[in-house]
Amino acid sequence: MDFEFQFAIISDLHIALPHTIWDHPKRFHLVEISIPALELALDHLSQLDLDFLLLPGDLTQHGEPENHQWLKECLSQLPYPVYVIPGNHDIPTQWGNETSISRAKFPTYYHQFGYHQSRQTDYTCELLPGVRLIALDSNEFDEDGKQFGYGYLNEAQFEWLEDILATTSEPLRLVMIHHNVIEHLPDQRTHCLGQRYMLKNGPRLINVLQESGINLMFTGHLHVQDIAQQGNLYEITTGSLVSYPHAYRTLKVTSQAEGKTRMEIQSHQIKTLPGWENLGEFSREWMGERSHPFMMRLLTGDPCNLTEEDAQQWVVSLRYFWADIAQGDTQFHFPHFPEDLRTYFESFSAQPDLGDNHRAIEF
């Protein structure tokens with residue numbers, strides 16, 4: 001079957017109406033711009049001939065019903081289909097509370113956006129002839145309804161997924177899930193600062209998808225522009241509209257000779273908004289100003305294991321380290337660092353000549 005279609009990905013919107021904003025002094029997110037940033041991105045996408053839009057989670061700041069309602073009404077006005085999944089911010093507790101919705105309520109808000117045939121938070125649907133979306137909710141909760149500090153798929157979800165994969169025959173099947181499945185950072189699956197962004201049983205999901213010939217998976221959560229690959233499975237994770245570099249993606253899929261499929265990925269950044277004329281610069285500084293505690297934990301924890309005193313002399317050079325990771329395509333150079341430290345931090349460099357923001361993939 002021949003393909004030719006175009007779609008977009010906007011992740012980690014963190015929509016927050018002004019009266020709901022949590023003004024925490026250590027937050028990395030500029031949730032103040034969540035609504036104008038989304039409106040500007042959608043205005044750009046309205047100029048394209050899109051077939052659909054994917055939103056891989058963290059739709060709202062902290063699952064507030066009024067923020068879900070605002071987004072629902074916004075998406076309902078778009079001229080193309082939109083498909084969503086919940087992120088960890090969208091259903092912070094399983095049964096909800098006075099400020100956030102429950103897991104069971106999530107599909108009722110997004111009935112038009114993937115959940116028209118599903119009351120559970122996983123679903124599948126045909127996007128186009130020969131193209132199927134499989135959307136997985138990677139949030140899991142303990143017996144008290146408290147969210148795990150990582151992503152997880154339970155046995156019922158794996159049974160459902162394996163049944164879908166066995167009973168559907170579309171030549172192109174796309175998977176959307178909030179938490180990262182393939183590592184995008186060194187030792188992300190095991191490092192104390194990285195594992196909370198991962199699907200804990202990700203290796204099992206990778207095996208299931210690879211055995212079924214799945215090639216494409218779309219995630220968010222990490223707020224980083226990155227493309228990771230394991231075998232023939234690609235995971236495209238997209239940054240957040242509310243944190244540097246305020247990125248989103250457009251993707252064009254076309255059929256090639258000999259049964260191959262080509263996907264061309266383009267990334268876009270929101271660099272200015274009314275009242276935020278230098279948004280990119282401001283946001284990079286905002287992240288840099290808040291990076292010190294995070295980078296100190298990275299320097300004093302495994303595998304660096306520096307003392308607080310030793311870490312202080314190197315942390316100043318890492319002020320923009322996370323911002324540079326988030327923007328993608330960064331090559332790190334720390335020639336003044338001790339050899340072990342230099343090797344570790346330079347290992348976060350993007351793979352040369354592949355591209356995290358602009359890239360063509362064939363499979």
> Could you go step by step and tell me if Asp51 and Gln6 meet the side chain to side chain donor-acceptor pair (under 3.5 Å) rule?
Replying inline: CA-CA 6 Å; Asp51 289 281; Gln6 184 174 207; over 6 Å; no
> Does Arg196 CZ have over 12 foreign heavy atoms under 6.0 Å away?
Replying inline: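 Atom CZ in Arg196 is not crowded, with 12 or fewer foreign heavy atoms closer than 6.0 Å.
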> Taking atom CD of Glu4 as the centre, does the number of heavy atoms from other residues, nucleotides or ligands within less than 6.0 Å exceed 12?
Replying inline: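 Atom CD in Glu4 is not crowded, with 12 or fewer foreign heavy atoms closer than 6.0 Å.
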Between [X] and [Y], is there shared hydrophobic-cluster membership here, with clusters defined by ILVMFWY side-chain heavy atoms closer than 4.5 Å?
| X | Y | value |
| --- | --- | --- |
| Leu251 | Leu128 | yes |
| Ile236 | Tyr248 | yes |
| Leu273 | Tyr244 | no |
| Met296 | Leu193 | yes |
| Leu75 | Leu40 | yes |

If only side-chain N and O atoms count, and only distance matters, is there a donor-acceptor pair under 3.5 Å linking [Y] with [X]?
| X | Y | answer |
| --- | --- | --- |
| Ser212 | Gln210 | no |
| Thr272 | Glu277 | no |
| His246 | Ser240 | no |
| Tyr123 | His116 | no |
| Gln69 | Glu73 | yes |
| Gln312 | Glu309 | no |
| Asp90 | Thr60 | yes |
| Ser267 | Arg249 | yes |
| Asn139 | Asn88 | no |
| Thr343 | Glu346 | no |
| His14 | His223 | yes |
| Gln188 | Asn180 | yes |
| Gln266 | His358 | yes |
| Asp187 | Thr190 | no |

>> Can you see whether Tyr152 has Lys200 sitting over its ring - NZ or CZ less than 6.0 Å from the centre and within 45° of the normal?
In response: no
> How long is the span from the CD atom in Glu39 to the CG atom in Leu241, to the nearest 0.5 Å?
Replying inline: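 Reported to 0.5 Å precision, the distance equals 11.5 Å.
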Centroid-centroid distance, [X] to [Y], less than 6.0 Å:
| X | Y | result |
| --- | --- | --- |
| Phe348 | Tyr344 | yes |
| Tyr115 | Tyr109 | no |
| Phe282 | Trp276 | yes |
| Phe7 | Phe52 | yes |
| Phe148 | Phe141 | no |

Under 4.5 Å between any side-chain heavy atoms of [X] and [Y], yes or no?
| X | Y | result |
| --- | --- | --- |
| Leu127 | Cys125 | yes |
| Ile33 | Val31 | no |
| Met287 | Trp322 | yes |
| Ser283 | Leu30 | yes |
| Leu54 | Tyr83 | yes |
| Ser102 | Gln94 | no |
| Asp226 | Ile325 | no |
| Asp2 | Thr254 | no |

> Shortest non-hydrogen contact from Ile35 to Ala16?
Replying inline: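 That would be CD1-O, 4.0 Å.
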> After noting the C-alpha distance and the side-chain angles of Glu66 and His19, does the key distance pass the side chain to side chain contact (heavy atoms under 4.5 Å, CB included) rule?
Replying inline: CA-CA 10 Å; Glu66 56 264 67; His19 71 277; 3.4 Å; yes
> Using a side-chain heavy atom cutoff under 4.5 Å and only I, L, V, M, F, W and Y, what cluster partners does Val316 have?
Replying inline: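 In the cluster with Val316 there is nothing else; it is isolated.
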> Under a single-linkage rule joining Ile, Leu, Val, Met, Phe, Trp and Tyr whose side-chain heavy atoms are separated by less than 4.5 Å, which residues share a cluster with Leu165?
Replying inline: Ile134, Leu136, Leu153, Phe158, Trp160, Leu161, Ile164, Val175, Ile177, Val181, Ile182, Leu199, Leu205, Ile206, Val208, Leu209, Ile214, Met217, Leu233
>> Please list all pairs meeting salt bridge (charged side-chain N to carboxylate O under 4.0 Å, His left out) that have one or both residues in residues 128-143, counting only residues at least two apart or in different chains.
In response: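 Passing the test, one end in residues 128-143: Arg103-Asp137, Arg103-Glu140, Arg132-Glu170.
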> Between Tyr110 and Val82, does a side chain to side chain contact (heavy atoms under 4.5 Å, CB included) hold up when you go through it step by step?
Replying inline: CA-CA 10 Å; Tyr110 298 101; Val82 183; over 6 Å; no
> Should Glu308 and Arg297 be marked as a salt bridge (Lys or Arg N to Asp or Glu O under 4.0 Å) after you check the CA-CA gap, both sets of side-chain angles, and the distance that decides it?
Replying inline: CA-CA 9 Å; Glu308 290 276 342; Arg297 288 180 65 192; over 6 Å; no
>> Tell me whether Glu211 is salt-bridged to Arg204, with the criterion being a basic N under 4.0 Å from an acidic carboxylate O.
In response: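 No.
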> Looking at Arg284 and Glu289, does any basic side-chain N land under 4.0 Å from a carboxylate oxygen?
Replying inline: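 No, Arg284 and Glu289 are not salt-bridged.
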> Where do His179 and Thr219 land on the side chain to side chain donor-acceptor pair (under 3.5 Å) test, with the steps shown first?
Replying inline: CA-CA 6 Å; His179 290 79; Thr219 65; over 6 Å; no
> Which of these passes side chain to side chain contact (heavy atoms under 4.5 Å, CB included) with Leu13: Leu71, Asn67, Val242?
Replying inline: Leu71
> Pick one: which of Ile227, Thr237, Val224, Asp356 meets side chain to side chain contact (heavy atoms under 4.5 Å, CB included) with His184?
Replying inline: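 Among the candidates, only Thr237 passes.
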>> Show, in sequence, the C-alpha distance, side-chain angles and deciding distance for Phe106 and His68, and conclude whether the side chain to side chain contact (heavy atoms under 4.5 Å, CB included) test is met.
In response: CA-CA 9 Å; Phe106 186 87; His68 281 297; 3.9 Å; yes
> Should the ring pair Phe345 and Phe334 be called parallel, tilted or perpendicular, given that the plane angle runs from 0 to 90° and is split at 30 and 60?
Replying inline: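 Judged by the thresholds at 30° and 60°, the geometry between Phe345 and Phe334 is perpendicular.
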